[in-house]
Amino acid sequence: MDTKEKIALISRNCQEVLTEVDLKNLVEAGTELKHYIGFEISGMVHLGTGLISMGKIADFIKAGVKCRILLADFHSYLNNKLGGNWENIRWATENYFKAGLIASLRCFGINEDQVEFITGRDLYENNLVHWETFMEVGKYVTLSRNLRSISIMGKQQGTDVDMSTLFYPPLQVADIFTLGANIVHAGMDQRKAHVIAKDVAKKLKINPLKNKKGEVISPIAIHHNLIAGLTGPSKGENNEETLKMSKSKPDSAVFIHDTPDEIREKIKKAYAPPKEIEFNPLINWVETLVFWGEKTGNFKISRPEKFGGDIVYTNIDKLIADYKSGELFPLDLKNGLADWLIGKLAPAREYFERPEAKKGLEGMKKFLAKK
């Protein structure tokens, strides 16, 4: 695979690569590409995590990148996920969340042994250099910038926060250098932490990133597309951050282990006004999931002969044009997307039929029902 093909795989279906020039230089220099993405342990695995994030990992692996997933138990504690209870967080990490990511990778033909999973506890225990890096990062980040960066936790600037909240951004940045990751990956909601990492990278003395030549470098930040929630915009909501899928809003999300009937029911209820493209989650899903951010692909919509029969879209622009004109009806789009999702998620549902995975899923559902 040549440089152009590698870069195309790494950067497709993404909103941003910081920067493509740096990525090209890293690939051409023959530096080993080391990736990292981190996830808080905070609920069920939905399509944003299960398909978008894991699908990008599949792209990275095909491009020869060494991929690592941080199961961010410490970050979950700092952000008061699962009640800010260590026992809950660690139980969910080992019994459900890791299994959810493995099941999601199966949807792309990726096996568990092709990715390294690591917990915060694994990374931090008896690791003095990490804590030295954490403190050094803090020396290069002003308090005001740190406060602006707490949006990576889903918190708004100007809110009254406790001291632990301020630990979160520099801890996330320190993770990058402790892992030696020259490719950092997440949605755009994590951009502020990644930009801090890029800004401090060449100032660090304790644990800097280096390329194959031994030169100090900044990490490359890859920000994949976000997936919209099914409920569409509420009054006053008209930006990507407020419209994205949320595991805290079950009606807005499809989870990777949902049954075919659950998927059909959720898609049936989805916001999809006729002829409207803007803020239409189903159009967003077809663009980012089915066509994977590309102009061409293959998307079949099954219809009775009396309604025109089956149709196959191989170009996303044609699908969008047909929807805007009314040639493609919302119900047809919903049926086609539900069929596609049921097929795509079949390996995940199969994985959760395994006794241990099934037990973890049932336990997680019971746990969340008690909240």
Side-chain angles (χ1 to χ4, degrees), residues 32-46 48-50 52-61 65-82 84 86 88-105 110 112-134 137 149-150 152-154 164 167-198 200-201 207 209 219-224 247:
E32 183 181 12
L33 301 178
K34 298 180 180 179
H35 155 277
Y36 134 88
I37 188 171
F39 294 103
E40 286 186 353
I41 314 304
S42 59
M44 297 290 191
V45 178
H46 62 43
T49 297
I52 292 289
S53 298
M54 296 303 103
K56 278 310 304 171
I57 286 179
D59 282 343
F60 295 147
I61 289 172
V65 180
K66 178 182 178 182
C67 292
R68 284 166 296 182
I69 297 174
L70 177 65
L71 300 167
D73 45 2
F74 274 64
H75 303 72
S76 303
Y77 177 77
L78 289 176
N79 207 10
N80 289 316
K81 299 299 183 180
L82 302 184
W86 278 116
N88 294 345
I89 291 166
R90 290 195 169 130
W91 180 90
T93 300
E94 292 302 321
N95 293 282
Y96 168 72
F97 204 84
K98 182 179 178 181
L101 299 183
I102 292 171
S104 301
L105 288 168
I110 301 297
E112 176 184 358
D113 59 5
Q114 293 176 268
V115 178
E116 180 184 354
F117 288 90
I118 186 168
T119 65
R121 183 175 185 173
D122 295 332
L123 188 63
Y124 305 153
E125 192 171 22
N126 300 320
N127 192 345
L128 180 61
V129 173
H130 172 78
W131 298 110
E132 290 174 341
T133 304
F134 166 72
V137 167
S149 300
I150 63 174
I152 62 176
M153 305 169 66
S164 67
F167 297 155
Y168 194 110
L171 181 62
Q172 183 173 341
V173 172
D175 293 340
I176 294 166
F177 297 98
T178 299
L179 288 165
N182 48 36
I183 293 180
V184 296
H185 163 215
M188 285 289 282
D189 53 348
Q190 301 301 304
R191 188 181 194 274
K192 289 180 180 177
H194 292 172
V195 172
I196 289 174
K198 291 183 71 65
V200 306
N207 201 13
L209 279 176
I220 293 148
I222 309 286
H223 299 131
H224 60 236
K247 59 178 72 73

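None of these values were measured; they are calculated from a predicted model. Hydrogens, waters and symmetry mates play no part in the numbers below; they use all other heavy atoms, side chains included.
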When rounded to the nearest 0.5 angstrom, what is the spacing between CG in N127 and CD in E132? 9.0 Å

Quick one: does D73's side chain have a donor or acceptor within less than 3.5 Å of a partner on W86's backbone? no

Parallel, tilted or perpendicular: which fits the ring planes of H194 and H223, with parallel below 30° and perpendicular above 60°? parallel

Return yes if some donor-acceptor pair links the side-chain N/O of T178 with the main-chain N/O of H130 below 3.5 Å, else return no. no

Using 0.5 Å steps for rounding, measure from the CG atom of N95 to the CH2 atom of W91. 5.0 Å

Any side-chain to backbone donor/acceptor pair from Y96 onto V45? Under 3.5 Å, distance only. yes

Exactly one candidate in I110, V115, I37, V65 meets side chain to side chain contact (heavy atoms under 4.5 Å, CB included) with F60; the answer is V65

Any side-chain heavy atom of L209 within less than 4.5 Å of one from P219? yes

What do you reckon, is OH of Y77 surrounded by more than 12 foreign heavy atoms closer than 6.0 Å? no

Determine, stepwise, if the pair H75 / D175 fulfils side-chain contact (heavy atoms from CB on, under 4.5 Å). CA-CA 11 Å; H75 303 72; D175 293 340; 2.9 Å; yes

Say you draw a straight line from OG of S149 to CZ of R191; how long is it, rounded to the nearest 0.5 Å? 11.5 Å

Would you give the length of the straight line joining atom SG of C67 to atom CG of D59, rounded to the nearest 0.5 angstrom? 9.5 Å

Exactly one of I150, V173, N79 should register a side chain to side chain contact (heavy atoms under 4.5 Å, CB included) with Y168. Which one does? N79

Using the side-chain contact (heavy atoms from CB on, under 4.5 Å) rule, take H224 and S53 through it: C-alpha gap first, then chi angles, then the decisive distance, then the call. CA-CA 7 Å; H224 60 236; S53 298; 3.2 Å; yes

At their closest point, which heavy atom of K81 faces which heavy atom of S42, and how far apart are they? CD-CB, 3.6 Å

Rounded to the nearest 0.5 Å, how far apart are CD1 of I183 and CD1 of I176? 12.5 Å

Work out which heavy atom in E40 is nearest to a heavy atom in F97; give both atom names and the distance. O-CZ, 3.7 Å

Taking all atoms of both residues into account, what is the closest heavy-atom pair of L70 and T119, and its distance? CD1-C, 3.7 Å

Return the CZ to CG distance between R68 and L123, rounded to the nearest 0.5 Å. 9.0 Å

Relative to each other, are the rings of F74 and W131 parallel, tilted or perpendicular (30° and 60° limits)? tilted

Intermediate values then yes/no, side-chain contact (heavy atoms from CB on, under 4.5 Å), I57 and H35: CA-CA 9 Å; I57 286 179; H35 155 277; 3.9 Å; yes

Which atoms form the tightest heavy-atom contact between N88 and L82, and what is the distance? ND2-O, 3.3 Å

Do the non-hydrogen side-chain atoms of M54 and I69 ever get within less than 4.5 Å of each other? yes

D122 and I118 have their tightest heavy-atom pair at CB-CG1, 3.6 Å

Is N182 reaching over with its side chain to a backbone N or O of L33, donor-acceptor style, under 3.5 angstrom? no

Close side-chain approach of I196 and Q172, heavy atoms under 4.5 Å: no

